[in-house]
Amino acid sequence: MHDPRRVQRERQAKKLSEASKSNFMYNSTLQQYNQVRNQAKLEMCRELDKMPIGRIQITKVCRRSTNPTQDEIEEETFRRNISSFCLLFRIRNWELQYIKEPDVMFKYSIALAWFVYICLLTIQLLSKDAKYHYWIIDGITICLLTSLLIISWYKKLWIMYVSDTEQSRPQAKLSIFLYRMSDYMQGNIVLRIVVYFLIIASYCAVAAMQVIDCSVRDDVVEDDNGLMKPMPFTFEERVNCFHPWILTNCMTLVIGTSFLFTRIPFIVKTSVAVVITVTYAILVVVEFDYIYASSPSTNVNLNAEYSHILFIFITLGIFHLMERQTEFIAKVDYNWKRQLLQKQDDALITNGTIKVLLVNILPSHVAEFYLSMQQQQNELYYEEYDNVAVMFASIKNFDTDKIGLRVLNEIICDFDDVLNKYSHSLRVEKIKVANWTYMAACGLDVTRSEQVNAPQVKFRNVSLMPNGRRSQYRTSGSEQVQRVPYGNGSTIALDLERGQYEGNVINSTPRMSKEDIANEKSNDEVIKVMANFALDLMRAMRRFNAENMQSEYEGSTDYGMLRIGISHGRAMAGVVGISKPHYDIWGNPVNMASRMDSTGIPGKIQVTENTALKLRNFNIQCNYRGKTFVKGRGNIPTYVLGTDDEYEGFLPHQAPEAPEPT
């Protein structure tokens, strides 16, 4: 006997344990955050170790690991893909795509470049008396740079302050032009390089104006030959022509700005900065050495001109290393971006492959459902249909051991080619292939379904056939005659034609309205489509035999012939099971179509009585075969569809004449 109090205490202890676990999970959020942060720091350290500007790891140079980690493999792969000095991708296509990417920071670079130019211009005006031609050049340059600034910022400012949505576009012609030019300037690498060189040239022009008049005066004198020439400066005048450290500081701004633009190729920026530095060093040493020699030095033991050169080269080195690190980070980011795009492409290919496999296994609408929703285990997906046509087609007198599986594959492929022609409004679905039998159905369109059960309901709570009904039969002696629902609820048996064979005559049939007939015929279109599909399979099988089986089974008249059975009625379709999903159908038409196939005639299409009645409404000849024993049904009337010898079409229906009453 269990103690109730003990059981209650155990339950309370269990609840407390679960609550403590949940509280622990709640309180462990900070611990998880710390783990994520430490992991991020570790990843950042690994990426910094990959930087070319970092220290040289002698241990890695002298010793290679026999079992490299995944990070070491990625690092080695990336280092092989990028040059060490110029930081260029060794794959040219990668480098071209990298520099062609839009520069979203270009407008900020132009804004900062415009500000630096204003600073240089201010230094020039404060350090030297400007002449009229200086004002002309400076005015043209400042107007040009201001225009570039306005164009580069126009798109962003228009989106921020004018447009209602980011997708809207300006309407005025001038606004459209500025908007497009702003977008084009940001995305075109050639235009960005042109603007870059234009800005650097403007900087150099401003700096050159400080020394351009330090060689000769505007005044002229007469030489010994009587010719007029400019009067040279005296030594004192040349020394006081400009301030060397002001010019050196201006050149540091020019060098720094040359590394400013982000999406200009790194080799171009480095080359421009080196050319500017070397040119300025030559001017310091060769052209204006006496001026720089008389300027203050940064060290008493260092010549003044060398102080200027050292300062400018240190500036070059600092900005070069900073830009090298920025460029490397950008290249790493681009490499990750390409890897992400590659993984996305692989995922799309994988999803496409999965979709193709699912569509080959399941109907398209069921495959879309499985792709769009994550089905849980033990859940059922099914559809109920009021009218579905089912077909079984068996290939007779073919022995797999004798012919081989390749022949079966060729035949089924031909059948699938025929199936592809029936993929429109009333689609024919291939259900399965069992041995030499091909099963298909028509009318499994989710828009025609009476009920679709998506898997929100557990399998155990759903009946497989909640509304399934068997056809009703009436007993006549020892025989059973199937009654077919027709139109407004009345029933008709094909006793008129059978009466000519059995002596039973029906002189009148229930009448239906034109609207009921139209609706019934539209709903029964699936039976006609299935009959046409079966006829196409007959023709495909005949063509295959004529092309491939001329010498096989000599003396036999029905080798490789199809035996087809068709029935229709209420059915349910769906997918059951957890693994290896298979779409199948259940219901009375499936059983009857299988019986029509197994009791059929090779080279003929056998149908049930109610299916024959529907097909006659489409002017298709249905010949009464007689009573056929069907397992589970007894002797029931069956019909064979009338076709020509080449299976090119159905014979038209001819209503039998009722005998005159005696």
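We use all heavy atoms of the structure for the numbers below, so side chains are in, but hydrogens, waters and symmetry mates are not.
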Name the orientation class of the two ring planes belonging to F89 and Y334 (parallel below 30°, tilted from 30 to 60°, perpendicular beyond 60°).
tilted

Closest approach of S175 and P170, non-hydrogen atoms and distance?
OG-CB, 3.0 Å

So CD of Q344 and NZ of K337: to nearest 0.5 Å the spacing works out to 10.5 Å

Contact check, side chains of L562 and F415, non-hydrogen atoms, under 4.5 Å
yes

Around atom CG of N420, are there more than 12 heavy atoms from other residues, nucleotides or ligands closer than 6.0 Å?
yes

In this structure, CE of M538 is separated from CZ of R563 (nearest 0.5 Å) by 10.5 Å

So do the side chains of V607 and H568 get within less than 4.5 Å of each other, counting heavy atoms only?
no

Whether D536 and R539 form a salt bridge (side-chain N of Lys/Arg under 4.0 Å from carboxylate O of Asp/Glu) is what I want to check.
yes

R570 to D386 - nearest heavy-atom pair and separation:
NH1-OD1, 2.9 Å

Side-chain contact test, heavy atoms from C-beta onward, threshold under 4.5 Å: evaluate it for N588 versus R633 and give yes or no.
yes

Where is the tightest heavy-atom contact between I411 and W436, given as atom of each residue plus distance?
CD1-CZ3, 4.4 Å

Distance from L641 atom CG to I564 atom CD1, nearest 0.5 Å?
9.0 Å

Provide the closest heavy-atom pair for S394 versus T437 in the form atom of the first, atom of the second, distance.
OG-OG1, 3.0 Å

Can you tell me if S594 uses its side chain to pair, donor with acceptor, with the backbone of V590 under 3.5 Å?
no

Where is the tightest heavy-atom contact between T608 and M592, given as atom of each residue plus distance?
CG2-CE, 3.8 Å

For the OG atom of S567 and the CZ atom of F392, what is their distance to the nearest 0.5 Å?
10.5 Å

Minimum heavy-atom separation for Y647 to D644, with atom names?
N-OD1, 2.7 Å

Apply side-chain hydrogen bond (donor to acceptor under 3.5 Å, both in side chains) to the pair D597 and Y438, showing each step before the final yes or no.
CA-CA 11 Å; D597 169 41; Y438 191 93; over 6 Å; no

V418 and Y422: side chain to side chain contact (heavy atoms under 4.5 Å, CB included), yes or no, with the steps?
CA-CA 7 Å; V418 176; Y422 292 83; 4.2 Å; yes

Mind running side chain to side chain contact (heavy atoms under 4.5 Å, CB included) on I159 and Y179 for me, showing each step along the way?
CA-CA 10 Å; I159 293 175; Y179 187 92; 4.1 Å; yes

Less than 4.5 Å apart, any side-chain heavy atom of K614 and any of K528?
no

What do you reckon, is CD of Q171 surrounded by more than 12 foreign heavy atoms closer than 6.0 Å?
no

Got a donor-acceptor contact below 3.5 angstrom from the Q621 side chain to the P652 backbone?
yes

Atom CZ of residue position R625 - does it have more than 12 heavy atoms of other residues, nucleotides or ligands inside 6.0 Å?
yes

How long is the gap from NZ on K430 to OH on Y583, to the nearest 0.5 Å?
15.5 Å

Q186 side chain near V104 side chain, heavy-atom distance below 4.5 Å:
yes

Are I585 and E429 close enough that some pair of their side-chain heavy atoms sits under 4.5 Å apart?
no

Please examine the side chains of F533 and K421, heavy atoms only from C-beta on, and report whether any two atoms are closer than 4.5 Å.
no

Would you check if there is a donor-acceptor pair between the side chains of N335 and Y98 at a distance under 3.5 Å?
no

Stepwise, does the side chain to side chain contact (heavy atoms under 4.5 Å, CB included) test hold for V388 with V526?
CA-CA 7 Å; V388 175; V526 295; over 6 Å; no

Drop me the distance from I412's CD1 to D417's CG, to the nearest 0.5 angstrom.
11.5 Å

Student check: side-chain heavy atoms of T611 and M530 closer than 4.5 Å
no

Run F650 and N619 through side chain to side chain contact (heavy atoms under 4.5 Å, CB included) and show every step you take.
CA-CA 9 Å; F650 291 108; N619 197 26; over 6 Å; no

